[in-house]
Amino acid sequence: MAKPKQRKRLGEMLVEAGLITKDQVEKALEYSRKNGIRLGKALIRMNVIEEEDIIKTISEQLNIPYVDVGNILFDPEIVTLIPEVFAKKNKVIPLFLVDKTLTVAISDPLNVYIIDDLANIVGKKINVVISTETDIETALRNFYANESPIADNLALDGIEFQETGANEKPVIKLVNNILISAIKEEASDIHLEPGKTKLRVRFRVDGVLHTHKIQIPTYLNAAVISRIKIMGDMDIAEKRSPQDGRFPLDISGKKLDVRVSTLPTIFGEKIVLRLLDKSNILVGLDSLGIDNTDYDMVLDALKTVNGIILVTGPTGSGKTTTLYSALQMLNSEDKNIITVEDPVEYQLKHVNQVQVNPQAGITFASGLRSILRQDPDIIMVGEIRDAETAEIAVQAALTGHLVLSTLHTNNAVSTISRLLDMKVEPFLLASSIRAIVAQRLVRKICTHCIEAYPAAEAERAVLEVQAPGDITLYHGKGCNFCNKTGYKGRTGIYEILRPDRKIRNLIMNRRPMDELEDAALESGFNAMQKQGIRKVLKGITSLEEVLRVSRD
């Protein structure tokens with residue numbers, strides 16, 4: 001049995017490695033005694049050192065191999081050699097069995113008692129490698145989740161498999177593992193990208209893509225893709241043309257709708273799965289991060305009985321969430337609300353939702369015409385994409401209906417120019433616009449590793465802060481909770497334009513955009529970047545993040 005040759009204290013090893021000081025060890029020991037936790041955990045909680053640095057130091061100084069267990073596909077027969085309760089309590093997971101020696105990954109190789117207990121439980125010699133406690137916990141959760149009824153639900157029992165390899169249990173478990181990992185990381189999208197040697201897995205978390213630890217060898221590509229196609233009710237034999245599909249997912253009462261898109265590439269089919277969490281869309285308008293003054297303006301616009309309210313921004317900026325939140329607020333027994341969407345992402349109670357279907361002759365424009373014959377009070381058009389839809393939406397707004405829609409523009413003022421370019425008559429546009437909401441989503445600083453720092457001169461210049469003295473800003477140091485990114489979760493930054501008489505006159509006279517911008521600023525309009533800077537000064541997000549999403 002491989003055991004450490006000497007019982008060296010963790011604090012001593014970290015000091016010798018130059019990672020911490022003796023004073024920090026003393027403070028951490030006091031913290032650990034007060035809170036009843038081990039020294040290593042105390043150092044991590046105090047943000048003195050990262051867990052990975054501790055593990056790698058132990059690995060180097062005690063000559064115990066370090067293994068990243070996140071990159072391993074576990075053999076169920078090996079893992080179940082150790083009782084689940086013991087494995088989770090002691091943060092240990094078996095990796096492989098050679099002859100009569102079981103190799104295990106453990107987060108605390110200095111604890112010889114755990115190693116002795118393991119030898120007695122399995123009746124074999126124990127060889128030790130080291131891994132982080134966080135990675136071991138994640139591996140154990142993923143493994144036992146795949147062995148639970150949750151994984152059975154994901155397996156979609158009853159489907160007839162039509163391709164060799166697609167119904168093999170390891171492939172089902174692998175796909176389930178990817179889905180479960182993405183949900184746990186609160187990813188919005190999963191990207192499976194074929195390459196020469198592997199199928200790369202990437203998750204989009206808080207709007208940013210990152211490569212996941214799961215690595216899939218190329219020989220499993222076809223089976224994994226076939227499995228996902230079957231789940232999405234797609235043609236597994238068609239590999240040369242793009243396809244779209246969808247399937248529902250229910251994990252421990254959490255209901256999601258998964259949209260699947262395939263795209264042929266030179267190395268095979270690339271698949272993107274969009275995870276739509278139905279609970280996320282049904283949030284209150286007051287929970288989106290809109291400032292109080294702007295929130296009051298939006299509420300006032302929603303109280304009007306006719307006119308058009310537009311939400312603008314790029315793909316992934318949260319426009320749909322804003323629209324659905326507004327519809328939820330407007331929804332009542334005395335209102336007839338009808339939407340035309342592509343696609344219908346979430347089903348809203350008591351709202352009549354129409355799916356765009358060009359093959360059946362239902363486009364945004366034709367659907368909108370049909371809706372107007374259904375005696376609506378409120379109409380939501382998923383997106384204004386062309387001049388015909390824009391013209392009908394404006395006409396509907398002027399004939400006693402409240403119309404909500406989205407448009408892809410960079411800011412609120414440029415929305416007016418875009419609609420004029422779509423040949424909407426200036427006098428109709430000036431009369432119908434009630435409010436334009438431009439928005440972006442910014443990542444929030446992780447509350448577990450937030451740090452304050454004095455603003456540099458360049459940052460002060462961007463902030464336009466002229467007051468004397470230091471300006472305090474914040475960023476995330478990066479920790480296990482936020483996957484070392486420094487960010488966790490997102491919030492919105494907005495700019496709200498409510499045209500007054502002067503702006504309406506400028507629209508009617510087709511004045512250039514810079515004149516519209518000047519008139520908006522005179523009326524009290526706050527640009528999106530300014531709104532974002534308020535959140536920066538409050539420590540909600542970072543200056544870097546606001547500049548990343550708000551620069552045109």
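Computed from a prediction, not measured in an experiment: that's the story for all the values here.
- Proximity of Val260 to Met234: side-chain heavy atoms (C-beta onward) are separated by under 4.5 Å at one or more points.
- The residues Lys229 and Glu238 are annotated as not salt-bridged, no charged nitrogen and carboxylate oxygen being separated by less than 4.0 angstrom.
- Using modelled atom types and a 3.5 Å distance limit, the side chains of Thr312 and Gln439 yield no donor-acceptor pair.
- Separation of atoms CG (Asp386) and CZ (Phe364) is listed at 9.0 Å; rounding is to 0.5 Å.
- Using modelled atom types, one finds no donor on one side chain facing an acceptor on the other under 3.5 Å when comparing Thr485 with Asn483.
- Atom CG of Leu273 is separated from atom CG of Leu179 by 6.5 Å, given to the nearest 0.5 angstrom.
- A salt bridge links Arg274 and Asp189; the closest N-O separation between the charged side-chain nitrogens and carboxylate oxygens is under 4.0 Å.
- No salt bridge links Lys423 with Glu391; every basic N to acidic carboxylate O contact stays at or beyond 4.0 Å.
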*Before giving the answer on side chain to side chain donor-acceptor pair (under 3.5 Å), spell out for Thr138 and Asp135 the whole-Å C-alpha distance, their side-chain angles and the decisive distance to 0.1 Å.*
CA-CA 5 Å; Thr138 300; Asp135 286 345; 5.2 Å; no
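- Atom CG of Asp233 has 12 or fewer heavy atoms from other residues, nucleotides or ligands within 6.0 Å.
- Side-chain polar atoms of Glu495 and Asn411 form no donor-acceptor pair below 3.5 angstrom.
- Residues Arg369 and Glu388 are paired through a salt bridge, judged by an N-O separation under 4.0 Å between the basic side chain and the carboxylate.
- How far CE of Met380 is from CD1 of Ile309: 12.5 Å, rounded to the nearest 0.5 Å.
- Put simply, the side chain of Pro242 does not reach to within 4.5 Å of the side chain of Glu269, judged on heavy atoms.
- For the pair Lys319/Leu323, no side-chain contact is recorded, criterion being any heavy-atom separation below 4.5 Å from C-beta on.
- The two residues Ile503 and Ser523 have their closest heavy-atom pair at CD1-OG, 4.3 Å.
- The cationic atom of Lys444 (NZ for Lys, CZ for Arg) does not lie both less than 6.0 Å from the six-membered ring centre of Tyr487 and within 45° of the ring axis.
- The closest side-chain heavy-atom distance from Ile436 to Thr415 is below 4.5 Å.
- Formation of a donor-acceptor pair under 3.5 Å by the Asn352 side chain with backbone atoms of Ile337 is found in this model.
- Between the side chains of Ser366 and Thr363, at least one donor N or O sits under 3.5 Å from an acceptor N or O.
- Salt-bridge annotation for Arg504 and Asp500: absent, with no side-chain N of the basic residue lying under 4.0 Å from a carboxylate O of the acidic one.
- At least one side-chain heavy atom of Thr265 sits less than 4.5 Å from a side-chain heavy atom of Pro194.
- Using a cut-off of 4.0 Å between Lys/Arg side-chain N and Asp/Glu carboxylate O, Arg511 and Asp518 are scored as not salt-bridged.
- Checking Val344, Val351, Leu348 one by one against Thr339, the side-chain contact (heavy atoms from CB on, under 4.5 Å) holds for a single residue, Val351.
- Ring geometry for Phe203 versus His212: interplanar angle of 30 to 60°, hence tilted.
- Each of Val442, Ile445, Ile540 was scored for a side-chain contact (heavy atoms from CB on, under 4.5 Å) with Glu545, with one residue passing: Val442.
- For the atom pair Leu368 CG and Ile384 CD1, the distance stands at 8.5 Å (nearest 0.5 Å).
- Salt-bridge formation is not detected for the pair Arg259/Asp244: no Lys NZ or Arg NE/NH1/NH2 atom is positioned less than 4.0 Å from an Asp or Glu carboxylate oxygen.
- Here Lys488 contributes atom NZ and Cys446 contributes atom SG; the two are 8.0 Å apart, rounded to the nearest 0.5 Å.
- Between atom CE of residue Met297 and atom CG of residue Asn526 there is a gap of 7.5 Å, rounded to the nearest 0.5 Å.
- Leu302 has its side chain out of reach of Thr304: every pair of non-hydrogen atoms, C-beta onward, lies at least 4.5 Å apart.
- With no hydrogens or angles considered, a side-chain donor-acceptor pair links Glu185 and His210 at under 3.5 Å.
- Shortest non-hydrogen contact noted between Ile308 and Ala397 is N-CB, 3.8 Å.
- Side-chain polar atoms of Thr293 and Asp296 form no donor-acceptor pair below 3.5 angstrom.
- Using a 4.0 Å cut-off between a side-chain N of Lys or Arg and a carboxylate O of Asp or Glu, Arg498 and Asp294 do not qualify as a salt bridge.
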